[in-house]
Amino acid sequence: MADKITPRSVDYSQWYIDIVLNAKLADYSPVKGCMVIRPRGFAIWERLRDELDRRFKETGHQNAYFPMFIPMSFLEKEAEHVEGFSPELAVVTHAGGEELDEPLVVRPTSETIIWSKYRDWIQSWRDLPLLYNQWANVVRWEKRTRLFLRTTEFLWQEGHTAHETQEEAEAETATMLEVYRRFAEEYLCLPVIAGRKSDAEKFAGAVATYSIEAMMQDKKALQAGTSHFLGQNFAKAFDVQFQTRDGQLDHVWATSWGASTRLVGAIIMTHSDDKGLVLPPSLAQEEVVVIPIFKNDNKATVLEYANRVVQSLKASGRRVAFDTDDSNTPGWKFAEWEMRGVPLRVEAGPKDAANGTVVMVRRDTGEKSFVSIDDIAAVAATTLATMQKDLLEKARAFRDANTRDVVSYTDLLEFYGKEKKAKPQAAIDGESHEGTAEATGGYARGLWCGSRECEAKLKADLKVTIRNMPSDQQDHVEGVCCLCGAPARHRAIFARSY
RNA sequence: CGGGACGUAGCCUAGCGGCUAAGGCGCCAGCUUUGGGAGCUGGAUAUCGGGGGUUCGAAUCCCCCCGUCCCGACCA
């Protein structure tokens with residue numbers, strides 16, 4: 001098998017690609033910009049999806065499915081929406097051997113087709129709220145793609161809700177942002193900052209966009225989920241009116257919210273190391289791999305012993321892989337299962353069989369311990385629970401260590417380094433490509449006046465953007481904008497981003 | 001969409017105008033081994049990314065196209 005994982009310190013982008021490919025999570029496709037998700041990668045998505053779906057249902061949402069083909073004219077009904085998406089649309093012009101009367105857009109998102117139906121389904125305040133979600137694929141023709149992080153076609157869920165009042169819709173937007181925040185932290189071990197996007201970064205057609213932002217190991221930010229307050233924009237575009245409690249007609253208030261297979265990329269980039277994938281136990285296809293270590297003369301004994309270990313773990317509800325292959329050495333298997341990101345490795349050899357113990361090794365820390373076979377199930381359970389907490393805390397500590405408060409433009413310049421680019425080690429060694437952006441900076445937290453000009457200047461000078469304005473940090477915004485010195489209106493998180 | 005690098009077996013690489021395209025890893029068979037990526041023997045696998053051109057002769061030189069990666073522009 002491949003043992004080629006480029007160290008992060010040499011080339012972070014290549015490290016990420018090496019992990020995705022070598023851990024067999026995904027592969028390239030014959031169509032540019034698309035990806036094939038392989039079983040080990042899809043298993044992560046499935047677990048993530050099932051848990052998120054559970055949380056949606058817990059908060060009162062139902063699943064539905066809308067078609068992937070959308071009449072071009074639908075998109076054109078909301079001006080900002082079509083303007084935002086038109087550069088990345090895939091359009092079907094021919095079907096059934098004939099040219100279509102009206103081109104069909106392959107959905108880049110489903111607001112328009114969904115609102116065209118909401119118009120039929122909503123008449124009275126008694127029909128509200130409408131809380132629907134769909135799991136689907138969408139297509140956005142991207143110029144520059146990266147496995148999981150930005151692909152032409154990707155999988156996601158999109159929630160679309162309709163409400164009686166503005167307050168109710170805004171509350172829904174906040175509720176779903178909180179669902180994402182908790183899900184990211186509890187289940188994916190991704191510490192995130194929840195907040196509102198600047199106008200420049202908001203969704204095409206939204207009144208306000210909120211996001212959760214995670215920090216990758218190269219200190220760049222990655223948007224891991226979004227929740228939009230759409231106001232009455234789509235209701236007006238699709239003429240969705242309802243009869244209010246006092247007999248008036250009013251347009252409904254809307255939200256939409258989504259998270260995608262990009263989350264898989266975020267998980268890989270947050271937790272993994274130079275040996276391969278590291279996964280939160282919650283997401284791992286197998287939580288434990290049991291590796292028997294035998295010689296020909298003790299093979300039967302060891303396998304029987306190891307099988308007892310496997311049965312004990314399975315009986316306690318663990319997802320277990322049992323690697324009985326006899327053509328590879330234990331060392332090879334250790335490396336292989338580490339690359340695959342299995343959280344716990346249990347080694348059972350002749351010495352262990354004699355002592356009634358096993359060797360247990362944590363993937364995240366490499367820590368080894370000897371455990372009695374009688375305790376294996378209990379110890380595995382507590383160790384996995386600990387790992388789930390530790391991964392979050394490790395990521396949080398990394399983020400906090402790379403977050404700095406800034407008060408002036410000078411601070412920002414110093415933090416991010418003006419146009420600073422480092423040659424990767426490969427280039428220094430005389431090989432290959434131009435420099436990749438050095439892992440400088442991180443999150444800068446500072447005050448902002450709210451002007452588009454300041455934001456644009458920062459992006460032009462340093463490629464740094466406002467990630468969001470943290471919802472829980474908008475009290476006591478007193479002082480001046482760290483960019484222009486005008487009175488500040490918001491506290492913002494700045495970063496380079498994916 | 002612009003700039004750069006690359007494309008030879010599943011993967012990595014050699015060959016850079018001349019005979020039957022070479023090696024390592026992996027794969028298959030057998031033997032042997034197994035506590036951190038074992039060893040021996042035998043075997044299979046290449047329209048040299050695709051098309052066109054130059055030439056007596058092209059993996060090798062030229063043109064066009066396609067793809068991947070990196071940088072930029074664009075973008076959630």
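Just so you know, these numbers use all the heavy atoms, side chains as well, and skip hydrogens, waters and symmetry mates. In what follows, every chain begins at residue 1, and chains take the letters A, B, ... in the order their sequences are listed. Quick caveat, the model's predicted, so the values are computed rather than measured.
- In this structure, of B:G37, B:C69, B:C1, it is B:C69 that holds the atom nearest to the side chain of A:Ile17.
- For A:Asn468 (side chain) and A:Ile193 (main-chain N/O), a donor-acceptor pair under 3.5 Å exists by modelled atom type.
- In terms of heavy-atom proximity, A:Ala284 sits nearest to A:Leu279 at CA-CD1, 3.9 Å.
- Among the nucleotides B:C69, B:C75, B:G37, the one closest to the side chain of A:Glu88 is B:C75.
- There is a side-chain donor-acceptor pair under 3.5 Å between A:Tyr498 and A:Asp218.
- Taking atom C1' in both B:U32 and B:G42, one finds a spacing of 15 Å when rounded to whole Å.
- As a whole-Å value, the separation of A:Glu142 CD from B:G67 P is 16 Å.
- Between A:Trp257 and A:His61, the two ring planes are perpendicular [angle over 60°; tilted spans 30° to 60°].
- Pairing of B:C31, defined by two Watson-Crick or G-U wobble distances under 3.5 Å, is identified with B:G39.
- If A:Phe203 and A:Gly331 are placed on RNA chain B by their nearest nucleotide, the residue sitting closer to the 5' end is A:Gly331.
- Against RNA chain B, the stretch residues 345-355 of chain A makes heavy-atom approaches under 4.0 Å through A:Arg345, A:Glu347, A:Gly349, A:Pro350, A:Lys351, A:Asp352.
- No engagement by A:Lys275 is indicated, since no non-hydrogen atom pair under 4.0 Å with the nucleic acid exists.
- Judged by the 6.0 Å and 45° rule, A:Arg345 forms a cation-pi pair with A:Phe334.
- Summarising the geometry, the separation between CD1 on A:Ile293 and P on B:A38 is reported as 13 Å, rounded to the nearest angstrom.
- Nearest nucleotide to the A:Ser13 side chain, out of B:C74, B:C70, B:U34: B:C70.
- On the P atoms, B:G51 is 11 Å away from B:U47, given to the nearest whole Å.
- If you measure from atom CZ of A:Phe148 to atom P of B:C69, you get 14 Å, rounded to the nearest angstrom.
- Using bins of under 30°, 30° to 60° and over 60° for the plane-to-plane angle, the ring pair A:Phe234/A:Phe238 lands in the parallel bin.
- The separation of B:C25 from B:U8, taken at their C1' atoms, amounts to 16 Å, rounded to a whole angstrom.
- Pair assignment for B:A14 gives none, since no Watson-Crick or G-U wobble pairing has each distance under 3.5 Å.
- Here the separation of B:U13 from B:G7, taken at their C1' atoms, is 13 Å to the nearest Å.
- Picking from B:G35, B:G36, B:C70 the nucleotide with the shortest atom distance to the side chain of A:Val359 gives B:G35.
- For the P atoms, the distance from B:C16 to B:U60 is 13 Å, rounded to whole Å.
- At whole-Å resolution of the value, CG in A:Asn298 and C1' in B:U34 are 9 Å apart.
- Backbone-only contact: A:Gly33 has heavy atoms under 4.0 Å from sugar-phosphate atoms and none from a base.
- Under the side-chain contact (heavy atoms from CB on, under 4.5 Å) rule, A:Met269 has a single partner from A:Leu190, A:Leu149, A:Val264, which is A:Leu149.
- Within 3.5 Å, a donor on the side chain of A:Arg150 pairs with an acceptor on the base of B:C75, or the reverse.
- As rounded to the nearest Å, B:U55 and B:C71 have C1' atoms that lie 39 Å from one another.
- Between the P atom of B:G35 and the CG atom of A:Asp323 lies a distance of 13 Å, rounded to the nearest Å.
- Remark: B:C69 base-pairs with B:G4. Criterion, Watson-Crick or G-U wobble with two distances under 3.5 Å.
- Base pairing of B:A58 is not made with any nucleotide, judged by Watson-Crick or G-U wobble geometry with both donor-acceptor distances under 3.5 Å.
- The phosphate of B:C70 has OP1 or OP2 within less than 4.0 Å of a side-chain N or O from A:Arg146.
- Taking only side-chain atoms of A:Ala335, from C-beta outward, the nucleotide of B:G36, B:G35, B:C70 with the closest atom is B:G36.
- B:A58 and B:G50 have their P atoms separated by 15 Å, given to the nearest Å.
- The phosphate of B:C69 (OP1 or OP2) has no side-chain N or O of A:Arg144 nearer than 4.0 angstrom.
- Between the A:Ser110 side chain and the A:Ile113 main chain, no donor and acceptor come within less than 3.5 Å of each other.
- Between the side chains of A:Thr465 and A:Arg467, at least one donor N or O lies within less than 3.5 Å of an accepting N or O.
- At whole-Å resolution of the value, CH2 in A:Trp337 and C1' in B:G35 are 18 Å apart.
- When all heavy atoms are compared, the tightest approach of A:Ala259 to A:Gln157 is N-OE1, 2.8 Å.
- Across all strands shown, A:Gly84 has heavy atoms under 4.0 Å from sugar-phosphate atoms exclusively, and none from any base.
- Aromatic rings from A:Phe148 and A:Trp45 are positioned such that their centres are separated by 6.0 Å or more.
- Note that A:Lys457 lies in the cation-pi zone of A:Tyr409, set by a 6.0 Å cut-off to the ring centre and a 45° limit from the axis.
- The base of B:G37 does not come close enough to the side chain of A:Glu338 for any donor and acceptor atom to sit less than 3.5 Å apart.
- Where A:Cys34 and A:Lys333 each meet RNA chain B at their nearest nucleotide, the meeting point lying more 5' is that of A:Lys333.
- Nucleotides B:C48 and B:A22 are separated by 13 Å at their C1' atoms, to the nearest Å.
- Taking the six-membered ring for Trp, A:His81 and A:Trp115 have ring centres at least 6.0 Å apart.
- When rounded to the nearest whole Å, the span between NZ of A:Lys143 and P of B:C69 equals 16 Å.
- The phosphate of B:C69 has OP1 or OP2 within less than 4.0 Å of a side-chain N or O from A:Tyr28.
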Find every protein N or O atom lying less than 3.5 Å from an N or O atom of nucleotides 31-33 of chain B, and list the pairs.
{"residue": "B:U33", "atom": "OP2", "partner": "A:Asn296", "partner atom": "ND2", "Å": "3.3"}

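- When both pairing distances are held under 3.5 Å, B:A44 makes no Watson-Crick or G-U pair with any nucleotide shown.
- Atoms CD (A:Glu83) and C1' (B:C75) sit 13 Å apart, rounded to a whole Å.
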